S.K.: 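Please see the structure below; I have some questions.
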Amino acid sequence: MNILESIARLFDSFLERLDILFDQTRCRLGGDGVLAVFLSAPALLVLGMFGVFPLFHAVHMSLYGGKYGMGRFVGLANYAEALRSETFWHSFFVTVYYAIGTIPATMALSFTIAYGLHRIVRGRGFFRTVYFLPYVTSAVAAAMIWRALLNPQYGLANVVLGYAGMAPQDWLLEPRGVLHLLTQGHVPATIGPSLALCCVILFEIWHSSGFMIVVFLAGLTAIPRELEEAARMDGAGALQVVRNVVLPLLSPTIFFLAIVSVIKAFQAFNNLYALTGNGRGPVDTTQNVTVYIYSNFYEYQRWGYGAAVATLLCIAIVAMTLVQWRLAGRRVHYE
Amino acid sequence: MIGRILLYIFLAAGMAATTFPFLWMITTAFKTLPEALSPSLHLLPVQWQWRNFIETFQAAPFGRYFFNSFLVGTAVTAAVIVSSLMAGYAFARLDFRGRSLLFGVVLATMMVPFEATLIPNFAMIRRLGWYNAYPALIVPWCANAFSIFLMRQAFMALPGDYFDAAKVDGCGHLRFLLRVGSPLVKPALVTVGLFAFLGSYNSLIWPLVVTSEDTMRVVQVGLTVFSGAEGVRLHLLMCASTIVILPTVALYFAAQKNFLESSLGSGLKG
């Protein structure tokens, strides 16, 4: 105990010395520049080394051909190849399907549940805790459960379909499109997302709703109760209160979640990889852009080409974010 | 009144959908293999097979996987807490040239997909000689933009009086940060720590890419390999999933009061 105390005191006086030192540089230079560099150095060093530098390295690498990015300089040939490649565009559409399938549904569901939780008092903490559970569990372990439930031979999903008098499905192993299956074959099997991809989308909605619920609930709690009550007093119905009072006041939260989830959807990988075993799924129908990058990197060792596709993905994400910023940013109400 | 009951029914239905896969996992983990593989709605095992857990640990070196995951997760969590506490304070409370530009760059790194930097990062790890070693699993994750952002928001939300009072008492920035600041932003720190541990513990691709030896595997990689090798030994697979999920759920319950208190929601708004 005594030793610990004296160490703490020693550390304290050490910090005091440092503080005095930084204060002197401050007097000489004006501004806290030196102290700021000292404090942010660890974070910036790591971010710079593993976040920013690799980005430039990837762009550089994308200009080279051959295996392991060791081939000759090819200029923009890798980009041209990607943009001409049918597989690339297919993977791009898988990414888009995934984003369209997950984001609006997760948002609507999470908001509904969060608003429900906002309206109750008893049990709110308990429900919130439980709803958040899938989010803290690893996608890998959760995917093991879903794979078992959706297994065509012994999965529970087909048992339930059987009780409902419907034909069993191949779920995660089904390359045919959902539209094809739903219309009994009127739509060609290759049009639209495959059933396998839809299973991944459903998994993602289940896995990540908890995060949105917690963020929505925090946003709802920040809304002054009087505003809702005043609207109700004036004779507004429940839906009108939500549409005209709650949603506008929640727009900063919605805006934040929209931006984050678009970025997340474009970066999706773990779910696909864990649910399908290799990310590509049946007949490559779940191969999105990130899985495509991974395949080129890991299986074909085409580092230059993979880096080119990665750069294209970055450009797409930045463009999406900027578009959202321009379109929705001005419609967001801050108090 | 009826509306309230319907609301509770709706919330309970949502909860059932959320938890059902977990309940199924736990009960299946206690079944015999033929029982686990016979598709039916009988959820509870006829007899609870506790020895499934022993068999799971015998089937794969999960002890080693857990050791690796905890070592890496703890190191990452400690590093993220320190780095984002310091950087968050600097961005929130210090006055220096290029602050907003630098912060903008930090935030922009959030947009970069991890897979985009995967190839160059892997090349760097090879060059550093960290392939199949702990630094490869730890160092790249020692700081992230989201944590810095959260800590900055937490420090910005503190009333300025604290800083002024400390200054009057002759307390410099560093001592203030350690003595006064950190206890005040504890909920945010717990949130950052929780997310750092979860992120590290639940990560799959990076450890899969930078390790190849069985002794260096973390639990997520171990579980993936196990599922491939075990195939249809479903009861053991569910056992393994249960023990992989358990630590994060326990940690979440331990941290959740601070976590939910934290400015996660309001902090995210700005």
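The structure displayed is predicted, hence computed values, not measured ones. Residue numbers begin at 1 in each chain, while the letters A, B, ... track the order of the sequences.
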S.K.: Is chain B contacted by the side chain of A:Tyr115, its backbone, both, or neither, given a heavy-atom distance below 4.5 Å?
M.R.: neither
S.K.: Given that the side chain runs from C-beta out, which part of A:Leu44 has a heavy atom under 4.5 Å from chain B: side chain, backbone, both or neither?
M.R.: side chain
S.K.: Tell me, side chain or backbone of A:Thr112 under 4.5 Å from chain B's heavy atoms, or both, or neither?
M.R.: both
S.K.: Atom OG in A:Ser40, atom CG in B:Leu102: separation rounded to 0.5 Å?
M.R.: 6.5 Å
S.K.: Looking at side-chain heavy atoms only, is the closest gap between B:Pro21 and A:Trp206 below 4.5 Å?
M.R.: yes
S.K.: Could you tell me if the side chain of B:Phe96 sits less than 4.5 Å from the side chain of A:Leu35, heavy atoms only?
M.R.: no
S.K.: Please state whether the side chain, the backbone, both or neither of A:Met320 comes within less than 4.5 Å of a heavy atom of chain B.
M.R.: neither
S.K.: What's the shortest heavy-atom distance between B:Val112 and A:Cys314, and which atoms?
M.R.: CG1-SG, 4.3 Å
S.K.: Is chain A contacted by the side chain of B:Tyr201, its backbone, both, or neither, given a heavy-atom distance below 4.5 Å?
M.R.: neither
S.K.: Among B:Leu246, B:Leu251, B:Leu204, B:Leu11, which has the most heavy-atom pairs under 4.5 Å with chain A?
M.R.: B:Leu11
S.K.: Is there side-chain contact between B:Leu198 and A:Tyr135, with heavy atoms separated by less than 4.5 Å?
M.R.: no
S.K.: So how far is it from A:Leu47 CG to B:Cys142 SG, rounded to the nearest 0.5 Å?
M.R.: 10.5 Å
S.K.: Please look at B:Leu6 and chain A and tell me whether the side chain, the backbone, both or neither of the residue comes under 4.5 angstrom of a heavy atom of that chain.
M.R.: neither
S.K.: Working to the nearest 0.5 angstrom, can you tell me the gap between A:Ile145 CD1 and B:Leu237 CG?
M.R.: 9.5 Å
S.K.: If I measure from the heavy atoms of chain B, does A:Tyr68 come under 4.5 Å with its side chain, its backbone, both, or neither?
M.R.: neither
S.K.: Applying side chain to side chain contact (heavy atoms under 4.5 Å, CB included), run through B:Val244 and A:Val140 and close with a yes or a no.
M.R.: CA-CA 9 Å; B:Val244 166; A:Val140 180; over 6 Å; no
S.K.: Where on B:Phe20 is there a heavy atom nearer than 4.5 Å to chain A: the side chain, the backbone, both, or neither?
M.R.: side chain
S.K.: Quick check: closest heavy atoms across A:Pro42 and B:Ser83, and the distance to 0.1 Å?
M.R.: CB-CB, 4.4 Å
S.K.: Any chance you could measure B:Phe122, atom CZ, to A:Tyr298, atom OH, to the nearest 0.5 Å?
M.R.: 7.5 Å
S.K.: With side chain to side chain contact (heavy atoms under 4.5 Å, CB included) as the criterion, how do B:Leu174 and A:Phe38 come out once you've worked through the C-alpha distance, each side chain's angles and the decisive distance to 0.1 Å?
M.R.: CA-CA 11 Å; B:Leu174 292 179; A:Phe38 172 76; 4.1 Å; yes
S.K.: Report which part of B:Leu177 has an atom under 4.5 Å of a heavy atom belonging to chain A: side chain, backbone, both, or neither.
M.R.: side chain
S.K.: With a 4.5 angstrom heavy-atom cut-off, could you sort out which part of A:Val136 is near chain B: side chain, backbone, both or neither?
M.R.: both
S.K.: Is the side chain of B:Arg4 donor-acceptor paired with the backbone N or O of A:Arg119 at a distance under 3.5 Å, no angle test?
M.R.: yes
S.K.: State, to 0.1 Å, how close B:Thr248 and A:Thr137 come at their nearest heavy-atom pair, and which atoms those are.
M.R.: OG1-CA, 4.4 Å
S.K.: Go through A:Phe50 and B:Trp141 one step at a time and tell me if the side chain to side chain contact (heavy atoms under 4.5 Å, CB included) criterion holds.
M.R.: CA-CA 8 Å; A:Phe50 295 99; B:Trp141 308 105; over 6 Å; no
S.K.: Is any side-chain heavy atom of A:His57 closer than 4.5 Å to one of B:Met124?
M.R.: no
S.K.: Is chain A contacted by the side chain of B:Ile125, its backbone, both, or neither, given a heavy-atom distance below 4.5 Å?
M.R.: side chain
S.K.: How close do A:Pro134 and B:Thr18 get, counting heavy atoms only, and between which atoms?
M.R.: CG-CG2, 3.3 Å
S.K.: Give me the ring orientation class for B:Tyr8 and A:Phe127: parallel if the planes are under 30° apart, tilted from 30 to 60°, perpendicular past 60°.
M.R.: tilted
S.K.: For A:Ile263, which atoms come within 4.5 Å of any heavy atom of chain B: side chain, backbone, both, or neither?
M.R.: side chain
S.K.: Show the nearest heavy-atom pair for residues B:Leu234 and A:Ala148, with the distance to one decimal.
M.R.: CD1-CB, 3.6 Å
S.K.: Pick one of side chain, backbone, both or neither for B:Ile243, based on which atoms fall under 4.5 Å of a heavy atom in chain A.
M.R.: neither
S.K.: With a 4.5 angstrom heavy-atom cut-off, is it the side chain or the backbone of B:Ala17 that approaches chain A, or both, or neither?
M.R.: backbone
S.K.: Distance check, rounded to the nearest 0.5 Å: A:Glu16 atom CD versus B:Arg175 atom CZ?
M.R.: 4.0 Å
S.K.: Do A:Trp146 and B:Phe22 make the cut of ring centroids closer than 6.0 angstrom?
M.R.: no
S.K.: Between B:Met111 and chain A, which part of the residue has a heavy atom less than 4.5 Å away: side chain, backbone, both or neither?
M.R.: both
S.K.: Under 4.5 Å heavy-atom distance to chain A, tell me which part of B:Leu7 shows up: side chain, backbone, both or neither.
M.R.: side chain
S.K.: If I compare all heavy atoms of B:Pro113 with all of A:Gln267, which pair ends up nearest, and what's the gap?
M.R.: CA-NE2, 3.2 Å
S.K.: Atom CZ in B:Phe91, atom CG in A:Leu39: separation rounded to 0.5 Å?
M.R.: 10.5 Å
S.K.: Can you tell which part of B:Ile119 gets under 4.5 Å to a heavy atom of chain A, answering side chain, backbone, both or neither?
M.R.: both
S.K.: Examine distances only and state if a side-chain atom of A:Asp19 and a backbone atom of B:His173 form a donor-acceptor pair shorter than 3.5 Å.
M.R.: yes
S.K.: Between A:Ala58 and chain B, with a heavy-atom cut-off of 4.5 Å, which part of the residue counts as in contact: side chain, backbone, both or neither?
M.R.: both
S.K.: Run the numbers on A:Asp12 and B:Arg179 for side chain to side chain contact (heavy atoms under 4.5 Å, CB included), then give the verdict.
M.R.: CA-CA 9 Å; A:Asp12 211 53; B:Arg179 286 294 162 99; 3.2 Å; yes
